[in-house]
Amino acid sequence: MTAYDIVIRPVITERAMAGAADKKYVFEVAREAGKVEIKKAVEEIFGVKVAAVNTLTVPGKEKRMGAGRPGMTKTWKKAYVQLTPDSKTIEFFEGMV
């Protein structure tokens, strides 16, 4: 699995952007990826130093699909990545705040 298979996309929400000032970033990651793999992938992709990684699994919600038929959204994994104080920031998030 490559680094780009592990880090799927950044999570762009108001709460996630509030943490960007403290070098805390939020990503959607592969469900089977561990914290060490996520750390290595973020360091490889963005060229930064990662201090800590916290993960959680976001359960899927029940949604209506058409005329009252129940369906489910997908279950996905979220990773909170804290960079070291001496690390550079991730430029992707700069214009978002």
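- I8 and V81 fall into different hydrophobic clusters, where Ile, Leu, Val, Met, Phe, Trp and Tyr side chains are chained together by heavy-atom contacts under 4.5 Å.
- Looking at every heavy atom in both residues, V11 comes nearest to F27 through CG2-C, 3.9 Å.
- A pairwise comparison of heavy atoms in V48 and L83 identifies CG2-CD2, 3.7 Å as the closest pair.
- Side-chain contact between K35 and T55: present, with at least one pair of heavy atoms (C-beta onward) separated by less than 4.5 Å.
- Here Y25 contributes atom OH and Y80 contributes atom OH; the two are 15.5 Å apart, rounded to the nearest 0.5 Å.
- Other residues, nucleotides and ligands place no more than 12 heavy atoms under 6.0 Å from the NZ atom of K40.
- A donor-acceptor contact shorter than 3.5 Å links the side chain of D5 to the backbone of T2.
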Exercise for the section: Starting from the C-alpha separation in whole Å, work towards a yes-or-no answer on side chain to side chain contact (heavy atoms under 4.5 Å, CB included) for I12 and M17. Expected result: CA-CA 7 Å; I12 309 297; M17 292 299 101; 3.9 Å; yes
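- For the atom pair CD (E43) and NZ (K39), the distance works out to 5.5 Å, reported to the nearest 0.5 Å.
- A pairwise comparison of heavy atoms in D86 and K49 identifies OD2-NZ, 3.5 Å as the closest pair.
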Practice task
Apply side chain to side chain contact (heavy atoms under 4.5 Å, CB included) to V42 and V7, showing your working.
Solution key: CA-CA 7 Å; V42 170; V7 178; 4.0 Å; yes
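- Side-chain atoms of E37 come within 3.5 Å of backbone atoms of G34 as a donor-acceptor pair (strictly under, hydrogens ignored).
- A donor-acceptor pair is defined here as one N or O able to donate and one able to accept, closer than 3.5 Å; such a pair exists between the side chain of T75 and the backbone of G60.
- Taking a 6.0 Å sphere around CZ of R64, one finds it holds 12 or fewer heavy atoms contributed by other residues, nucleotides or ligands.
- The heavy-atom pair separating M1 from I6 by the smallest distance is SD-CG1, 3.8 Å.
- At least one donor-acceptor pair under 3.5 Å links the side chain of K23 to the backbone N or O of S87.
- Residues passing the salt bridge (Lys or Arg N to Asp or Glu O under 4.0 Å) test with K61: none are found, sequence neighbours excluded.
- With rounding to the nearest 0.5 angstrom, the CZ atom of R15 is 10.5 Å from the NZ atom of K24.
- Scanning both residues, V26 and K78, for their nearest heavy atoms gives CG1-CG, 3.5 Å.
- Of all the heavy atoms in A79 and V29, the pair that sits closest is CB-CG1, 3.8 Å.
- Not a single salt bridge (Lys or Arg N to Asp or Glu O under 4.0 Å) links E44 to another residue, sequence neighbours left out.
- Put simply, NZ on K74 and CE on M72 are 13.5 Å apart, with the number rounded to the nearest 0.5 Å.
- V36 and V50 are not part of a single hydrophobic cluster, where members link through side-chain heavy atoms under 4.5 Å apart.
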